[in-house]
Amino acid sequence: MAERITPRSEDFGRWYTDLVIQGQLADYSPVKGCMVIRPNGYAIWERMQQVLDNMFKETGHVNAYFPLFIPESFMKKEAEHVEGFAPECAIVTHGGGEKLEEPLYVRPTSETIIWSMYKKWIMSYRDLPILINQWANVVRWEMRTRLFLRTTEFLWQEGHTAHSTFEEAEEETLKILEIYRKFAEEYMAMPVIVGRKSEAEKFAGAKHTYSIEALMQDGKALQAGTSHNLGQNFARAFDVTFQDKDGSVKHVYATSWGVSTRLIGALLLTHGDDSGVVIPPRLAQTQIVVIPIWQEATRQPVFDFTNRVFRQLQDHFSVKLDDRDQYKPGYKFTEWEMVGVPLRIEIGPRDVENNQVMVVRRDNRSKTPVGIDELVTRIEQILTVMQQEMYQRALDFQKANTHRSDNYQEFKRILEEKGGFIEAHWCGSAECEEKIKDETKATIRTIPFQREIEAGNCLICGKDSDDGRVIFAKAY
RNA sequence: CGGGGCGUAGCGCAGUCUGGUUAGCGCGCCUGGUUCGGGACCAGGAGGUCGGAGGUUCGAAUCCUCUCGCCCCGACCA
């Protein structure tokens, strides 16, 4: 550690890479496009898993595991699907020293293998719904990769559910979307726009794709989670039918949904600063680091006091004690700031005298002396306020960087000069969407659920757009 | 795949143009001591066949040819 982080103002891309490398969240691997997730980064993922997994289970989902390898023929069953993924798949052609009869795809996602199994498991409406999630790795052979944001192999969860009606599938899709929103906003302290994807942006093979979209500090949008209503497309491809109450045989309705280690990237790009990573309290695996400060003469009293405080904290928070002898306090401050631990507690001789500790917030560096009598309640308070303020700050940023435009020239200028979200009218045609993408690189990030009904004219063709505005942005 | 940058100690780099002692510097690491409220200091020490292969030469990190890999920026994508 101990290297300098490039300031955001100097080079945003470098800053991001520095953050990940210096904060020891991840490291480059010997395999191009892949990364090693180091303990600091994996701790964030573990917390994400923990929180989301609980939310999934609370809503009736169960975990399972499906194989990494998918027969080539499976991939080809769903036409749109294979079209969407074929170019970015890794394919195993040899095994056991021999050429395989049928090549095996390394899963880019598991719809096909899962639906081949669901075919075996589903006979009657009584077998439905199936609400399965899996935590797994997937591989997509991307042209260009970036730590956490886009790597060849990444970790994610993919939920795959089966239902007897379209409405139920739609309900499931939206239920999950709400879980994602809640997780992003309440745990990651990252405000998101919830909405539906345009036809061009939706998942290959889906009826509807919904997503949560977040705005990063550099004004680019990032898709943080997606939930798809797949309709009967996969059931038809894999011939998955069930007999309904009335005796009729129908194809099953499906959903799939996922978030990935990309969320870690989103977290960094939302809250990180020039000193390093900032992790919101509710997501931090280590919430507090205690740093004793002593001189030779004060060593014993400081350590006694520190140990007492530390034990008390341990019962209520996840806390680490940094009593390493070989580093000075300032060095430790810098190091822990790089890693993003939400609170630092400094304990020096003066604090011992006053029977207090110094609590320092990572996000704004504010220092609060806290008497040890009220230690736990005050720290709980500080953590709660910090969580709220981090969210509010991010929300203020999002609002300040959301612009409206009814004029294409102006739209381009905003994109060029400021970036951010742009709310604009769109007629709904793929042509106009495509034109904007080609000319500006901005895409329709989402058609928000929450939008004013407002008549307007398409930015490109001028045709009526009566439902309201959609959100454009350049995206990660 | 196009454009740019780069491979020399664990990390960051200098040396390469103009070939010539034992390949340097900073950080980190090890040992000992003094330190400790925002990246401590002193002393001593370990560590590199210069990405790889071939060639030119009395002599190559340095020149030539080939090759491998990485990072950044663009086209594709979560």
Side-chain angles (χ1 to χ4, degrees), chain A residues 1-6 11-18 21-22 24 27-35 84-89 108-109 138-158 180 197 200-204 209 211-214 221-228 256-266 275-276 291-299 302 322-338 344-354 357-358 360 365 367 369 437-438 441 443 445 474-476:
Chain A
M1 218 169 299
E3 291 297 321
R4 179 173 152 274
I5 294 176
T6 306
D11 183 340
F12 196 85
R14 275 284 287 279
W15 166 79
Y16 178 78
T17 307
D18 286 353
I21 300 297
Q22 314 284 13
Q24 300 188 353
D27 204 351
Y28 294 106
S29 83
V31 182
K32 184 178 181 161
C34 293
M35 66 171 172
F85 278 110
E88 53 184 79
C89 283
T109 177
V138 286
V139 167
R140 297 182 189 177
W141 219 260
E142 300 293 347
M143 302 283 189
R144 209 183 130 212
T145 58
R146 261 190 116 183
L147 295 164
F148 288 114
L149 296 170
R150 175 166 297 106
T151 44
T152 299
E153 179 188 9
F154 58 95
L155 306 182
W156 76 347
Q157 59 68 215
E158 45 179 328
Y180 290 162
K197 285 289 190 184
E201 296 287 324
K202 74 171 194 192
F203 176 63
T209 289
S211 73
I212 54 170
E213 300 284 328
L222 188 139
Q223 177 175 306
T226 51
S227 184
H228 316 284
S256 71
W257 28 274
V259 298
S260 70
T261 36
R262 183 182 226 202
L263 284 179
I264 296 171
S275 303
I291 301 180
I293 299 158
W294 71 90
Q295 293 79 40
E296 204 46 49
T298 56
R299 185 188 180 105
V302 166
D322 187 351
D323 56 0
R324 289 176 298 174
D325 206 1
Q326 68 269 38
Y327 297 112
K328 286 181 68 177
Y331 179 91
K332 296 180 185 177
F333 297 168
T334 312
E335 193 178 74
W336 287 104
E337 279 172 2
M338 201 107 78
R344 169 174 83 234
I345 292 183
E346 305 173 11
I347 302 176
R350 291 204 293 275
D351 298 307
V352 176
E353 246 170 70
N354 299 325
V357 300
M358 195 60 78
V360 188
R365 284 196 170 80
K367 292 191 176 189
K437 185 178 178 180
D438 286 349
K441 282 166 192 143
T443 50
R445 297 320 303 154
K474 289 187 194 171
Y476 272 95

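Residue numbers start from 1 in every chain, and the chains themselves are labelled A, B, ... in the order their sequence lines are given, proteins ahead of strands.
One interatomic measurement links the two molecules: CD of A:Q22 to C1' of B:G39, which rounds to 13 Å at whole-angstrom precision. Remark: P of B:A40 and CD of A:E335 are 11 Å apart, rounded to the nearest angstrom. Summarising the geometry, the separation between CD1 on A:I21 and P on B:C71 is reported as 10 Å, rounded to the nearest angstrom. In this structure, A:K332 atom NZ and B:G38 atom P are separated by 13 Å, rounded to whole Å. When rounded to the nearest whole Å, the span between CD of A:E213 and P of B:A78 equals 11 Å. Per the geometry, CD belonging to A:E88 stands 16 Å off P belonging to B:A75, to the nearest Å. Taking atom OH on A:Y327 and atom C1' on B:A40, their separation rounds to 13 Å, with Å as the unit. Taking atom CE on A:M35 and atom P on B:C71, their separation rounds to 13 Å, with Å as the unit.
When the nearest nucleotides of RNA chain B are assigned to A:E346 and A:Y476 by heavy-atom distance, the more 5′-ward of the two goes with A:E346. Nearest-nucleotide mapping onto RNA chain B: of A:E296 and A:D438, the residue sitting toward the 5' end is A:E296.
A:S275 comes within 4.0 angstrom of nothing in the nucleic acid, heavy atoms only. Among the protein residues, A:Q223 comes within range of the sugar-phosphate backbone only, with heavy atoms under 4.0 Å from sugar or phosphate atoms but none that close to a base. Residue contacts shown for A:D11 are absent, as no nucleic acid heavy atom lies under 4.0 Å away. Among the protein residues, A:R324 comes within range of no part of the nucleic acid, since none of its heavy atoms lies under 4.0 Å from any strand. Across all strands shown, A:L222 has no heavy atoms under 4.0 Å from either base or sugar-phosphate atoms. Counting non-hydrogen atoms under 4.0 angstrom, A:R299 reaches nothing in the nucleic acid. Contacts of A:R350 with the nucleic acid, taken as non-hydrogen atoms under 4.0 Å apart, include base atoms.
Separation of the P atoms belonging to B:A43 and B:U57 is 49 Å when rounded to the nearest angstrom. Distance check on atom C1': B:G20 versus B:A61 gives 13 Å, rounded to whole Å. The same atom, C1', is picked in B:G69 and in B:G59; the two are 30 Å apart, to the nearest Å. One P atom belongs to B:G51, the other to B:G15, and the distance between them is 14 Å to the nearest Å. Look at the C1' atom in both B:A60 and B:U65: the space between them is 15 Å, to the nearest Å. Taking atom C1' on both nucleotides, B:U62 is separated from B:C36 by 47 Å, rounded to a whole Å. Annotation: B:G5 and B:G28 have their P atoms spaced 32 Å apart (nearest Å). Distance noted for atom P between B:G44 and B:G7: 32 Å (whole Å).
By the neighbour-count criterion of 12 heavy atoms within 6.0 Å, atom CZ of A:R14 is sparsely surrounded, having that number or fewer from other residues, nucleotides or ligands.
Counting only heavy atoms from C-beta on, A:Y331 has its side chain closest to B:A40 among B:C36, B:G38, B:A40. For A:M338, the listed nucleotide lying nearest its side chain is B:G39; candidates were B:A78, B:C73, B:G39. Listed nucleotides B:C73, B:G37, B:G38 differ in distance to A:F333; the shortest reach to its side chain belongs to B:G38. Which of B:C76, B:G38, B:C36 sits closest to the side chain of A:Q295 comes down to B:C36. The side chain of A:R144 sits closest to B:A75 out of B:C29, B:G37, B:A75. The side chain of A:M358 has B:G37 as its nearest neighbour among B:C36, B:G38, B:G37. Nearest nucleotide to the A:T17 side chain, out of B:G38, B:A78, B:C72: B:C72.
Side-chain N/O atoms of A:E337 and base N/O atoms of B:G38 include a donor-acceptor pair closer than 3.5 Å.
Distances shown here put every side-chain N or O of A:K441 at or beyond 4.0 Å from the OP1 or OP2 atom of B:G74. Contact annotation: A:R140 does not reach the phosphate of B:A78 (side-chain N/O to OP1 or OP2, under 4.0 Å). Applying the 4.0 Å criterion to OP1 and OP2 of B:C72, one finds that A:Y28 has a side-chain N or O inside that range. Taking only side-chain nitrogens and oxygens, A:K328 comes nearer than 4.0 Å to OP1 or OP2 of B:G37.
Judged as a salt bridge (Lys or Arg N to Asp or Glu O under 4.0 Å), and not counting sequence neighbours, the contacts of A:D322 are A:R324, A:K332. Partners of A:T151 by side chain to side chain contact (heavy atoms under 4.5 Å, CB included), not counting sequence neighbours, listed by chain and number: A:M35, A:F154.
Pair assignment for B:G38: none, as no Watson-Crick or G-U wobble contacts are both less than 3.5 Å. Across all strands shown, B:C6 forms a Watson-Crick or G-U wobble pair, both distances under 3.5 Å, with B:G69. Pair assignment for B:C17: none, as no Watson-Crick or G-U wobble contacts are both less than 3.5 Å. Across every strand in view, B:G48 sits unpaired, with no contact that passes the Watson-Crick or G-U test at under 3.5 angstrom. Within the shown strands, B:C64 is the pairing partner of B:G54 under the Watson-Crick or G-U definition, both distances less than 3.5 Å. B:C25 is paired with B:G12 under the Watson-Crick or G-U wobble criterion, all donor-acceptor distances under 3.5 Å.
Counting heavy atoms from C-beta outward, A:Q223 and A:R445 have side chains that approach closer than 4.5 Å. Annotation: side chain of A:W156 is not in contact with side chain of A:L263 (no heavy-atom distance under 4.5 Å). You'll find the side chain of A:L149 reaches within 4.5 Å of the side chain of A:L222, heavy atoms only.
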Would you please test A:Q295 and A:T298 for side-chain hydrogen bond (donor to acceptor under 3.5 Å, both in side chains) and show each step?
-> CA-CA 5 Å; A:Q295 293 79 40; A:T298 56; 3.1 Å; yes

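Annotation: the span from A:E335 atom CD to A:Y331 atom OH amounts to 4.5 Å, rounded to 0.5 Å.
Looking only at distances, a side-chain donor or acceptor of A:S260 sits under 3.5 Å from a matching main-chain atom of A:R262.
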